[in-house]
Participant: 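Quick one: structure below, then a few questions.
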Amino acid sequence: MTDLYRKQRLKMVETQIRARGIEDRRLMKAMETVPRHLFVDEAIISQAYNDSPLPIDEHQTISQPYIVALMTEALELTGKEKVLEIGTGSGYQAAILAMLADHVFSIERIPALATKARRLLEGLNLFNVAIRVADGTYGWRDEAPFDGIIVTAGAPALPEPLTAQLAVGGRLVVPVGGRFTQTLMKYTRLSEDPNDLKKENLGGCRFVDLIGDHGWQAF
Ligand code: SAH
């Protein structure tokens with residue numbers, strides 16, 4: 001059984017990740033290792049390695065594997081970094097980050113998701129992830145600065161508190177745009193001035209809403 005999923009993971013990385021131009025070897029190794037099928041519901045476990053996002057609890061989604069790879073590669077992790085994730089969701093992205101960075105801080109606004117993700121990550125012996133229930137659009141001020149910040153929900157604009165918590169030289173990846181489609185943006189902080197940012201467009205994407213004081217209002 002485990003072996004069957006391992007084969008599916010290797011195939012996923014080969015056909016969805018490497019074939020699309022991702023080059024970070026450590027990242028690919030992490031995606032070959034983390035058991036993505038444990039992060040989805042039993043009922044859809046056979047789809048866990050599909051080339052698509054999948055529903056998780058509370059009307060949220062686990063991102064498509066390629067999007068996880070694209071966003072993670074943009075953080076340029078070497079193993080020493082302190083990373084902040086906004087939108088823990090299933091915890092899958094956090095697990096990938098945990099394998100590639102020194103420490104991961106992840107914020108989720110829905111308590112039930114945070115609890116489930118915490119349990120899963122502990123079960124996988126990934127003890128370098130701290131999960132907190134809060135409005136992540138404020139960041140995690142006590143732990144700043146971060147070498148990487150990844151927002152895994154769609155924002156109307158770059159949430160202003162986050163750039164202040166990005167280390168000089170740090171990378172921030174965030175989907176920015178409308179409620180239904182966004183552009184994946186990468187910002188690199190260039191100096192002490194938090195507004196001094198290099199901006200790159202990584203392409204179109206579609207995420208669930210980032211809901212919070214510096215995001216969208218809940219319906
Ligand atoms: N990274 C996740 C996918 C997350 S889906 C994974 O790997 O599975 C987006 C998540 O962001 C949802 O769980 C949603 O509840 C959460 N979210 C939305 N707005 C948020 C906010 N302001 N702060 C923290 N989490 C938020």
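Just the heavy atoms: all of them, side chains too, but no hydrogens, waters or symmetry mates, feed the values below. All ligand and atom numbering here is 1-based and tracks the order in the structure.
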Participant: Does only the side chain of Gln93 get under 4.0 Å from ligand 1, or the backbone, or both, or neither? Count heavy atoms.
Facilitator: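 The answer is both, backbone and side chain.
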
Participant: Out of all atoms in ligand 1, which are within 4.0 Å of some heavy atom of Ala134? Include the element for each.
Facilitator: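 Near Ala134, meaning under 4.0 Å from one of its heavy atoms, ligand 1 has 23 (N), 24 (C).
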
Participant: Would you indicate which of Glu108, Arg36, Glu58, His59 comes nearest to atom 13 (O) of ligand 1 when only heavy atoms are counted?
Facilitator: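 Checking each option, the heavy atom nearest atom 13 (O) of ligand 1 is found in Glu108.
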
Participant: Can you tell me if Glu85 contacts ligand 1 (heavy atom of the residue under 4.0 Å from the ligand)?
Facilitator: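 It does; at least one heavy atom falls under 4.0 Å.
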
Participant: So is Ile86 polar-close to ligand 1, meaning N/O to N/O under 3.5 Å?
Facilitator: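 No; every N/O pair is 3.5 Å or more apart.
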
Participant: Do the ring planes of Tyr49 and Tyr5 sit parallel (below 30°), tilted (30 to 60°) or perpendicular (above 60°)?
Facilitator: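 If you compare the ring of Tyr49 with that of Tyr5, the planes turn out tilted.
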
Participant: Taking 4.0 angstrom as the limit and counting only heavy atoms of Ile107, give me the atoms of ligand 1 inside it, by number and element.
Facilitator: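 Numbered from 1, ligand 1 contributes 24 (C), 25 (N).
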
Participant: Considering distance alone, does some N or O of Ile56 sit under 3.5 Å from an N or O of ligand 1?
Facilitator: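 No - when backbone and side-chain N and O of Ile56 are compared with those of ligand 1, no distance drops under 3.5 Å.
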
Participant: Tell me whether Glu73 is salt-bridged to Lys186, with the criterion being a basic N under 4.0 Å from an acidic carboxylate O.
Facilitator: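 So Glu73 does not pair with Lys186 through a salt bridge.
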
Participant: Does Asp209 come within less than 4.0 angstrom of ligand 1, counting non-hydrogen atoms of the residue?
Facilitator: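 Contact check Asp209 vs ligand 1: positive.
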
Participant: Report the part of Val208 (side chain from C-beta onward, or backbone N, CA, C, O) that has a heavy atom under 4.0 Å from ligand 1; answer both or neither where that applies.
Facilitator: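 The answer is the side chain.
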
Participant: Any idea which part of Leu113 is under 4.0 Å from ligand 1, heavy-atom wise: side chain, backbone, both or neither?
Facilitator: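 For Leu113, only side-chain atoms sit under 4.0 Å from ligand 1.
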
Participant: Does any N or O of ligand 1 fall below 3.5 Å from an N or O anywhere on Gly136, backbone included?
Facilitator: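 Such a contact does occur with ligand 1.
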
Participant: Salt-bridge test for Arg179 and Asp209: reply yes if a basic N is under 4.0 Å from a carboxylate O, no otherwise.
Facilitator: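 Here Arg179 pairs with Asp209 in a salt bridge, since their nearest N and O are under 4.0 Å apart.
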
Participant: Show me which atoms of ligand 1 lie under 4.0 Å from any heavy atom of Gln60.
Facilitator: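 Near Gln60, the atoms of ligand 1 are 12 (C), 13 (O), 14 (C), 15 (O).
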
Participant: I'd like to know whether ligand 1 has Asp213 as a neighbour, heavy-atom separation below 4.0 Å.
Facilitator: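 For ligand 1, residue contact (heavy atoms, under 4.0 Å) with Asp213 is absent.
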
Participant: Can you list the ligand 1 atoms lying under 4.0 Å from a non-hydrogen atom of Ser90?
Facilitator: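 Answer, ordered by atom number: 6 (C), 7 (O), 8 (O).
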
Participant: Any idea which atoms of ligand 1 are less than 4.0 Å away from a heavy-atom of Thr88?
Facilitator: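 Per the distance check, 1 (N), 2 (C), 6 (C), 8 (O).
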
Participant: Does Ser63 reach ligand 1 with a nitrogen or oxygen that is under 3.5 Å from one of the ligand's nitrogen or oxygen atoms?
Facilitator: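 For ligand 1, there is no N or O atom that lies under 3.5 Å from one belonging to Ser63.
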
Participant: Could you tell me which atoms of ligand 1, counted from 1 in the order shown, lie closer than 4.0 angstrom to a heavy atom of Ile62?
Facilitator: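 Numbered from 1, ligand 1 contributes 8 (O).
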
Participant: List ligand 1 atoms under 4.0 Å from Ile110, heavy atoms only on the residue side.
Facilitator: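 Every atom of ligand 1 under 4.0 Å from some heavy atom of Ile110: 15 (O).
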
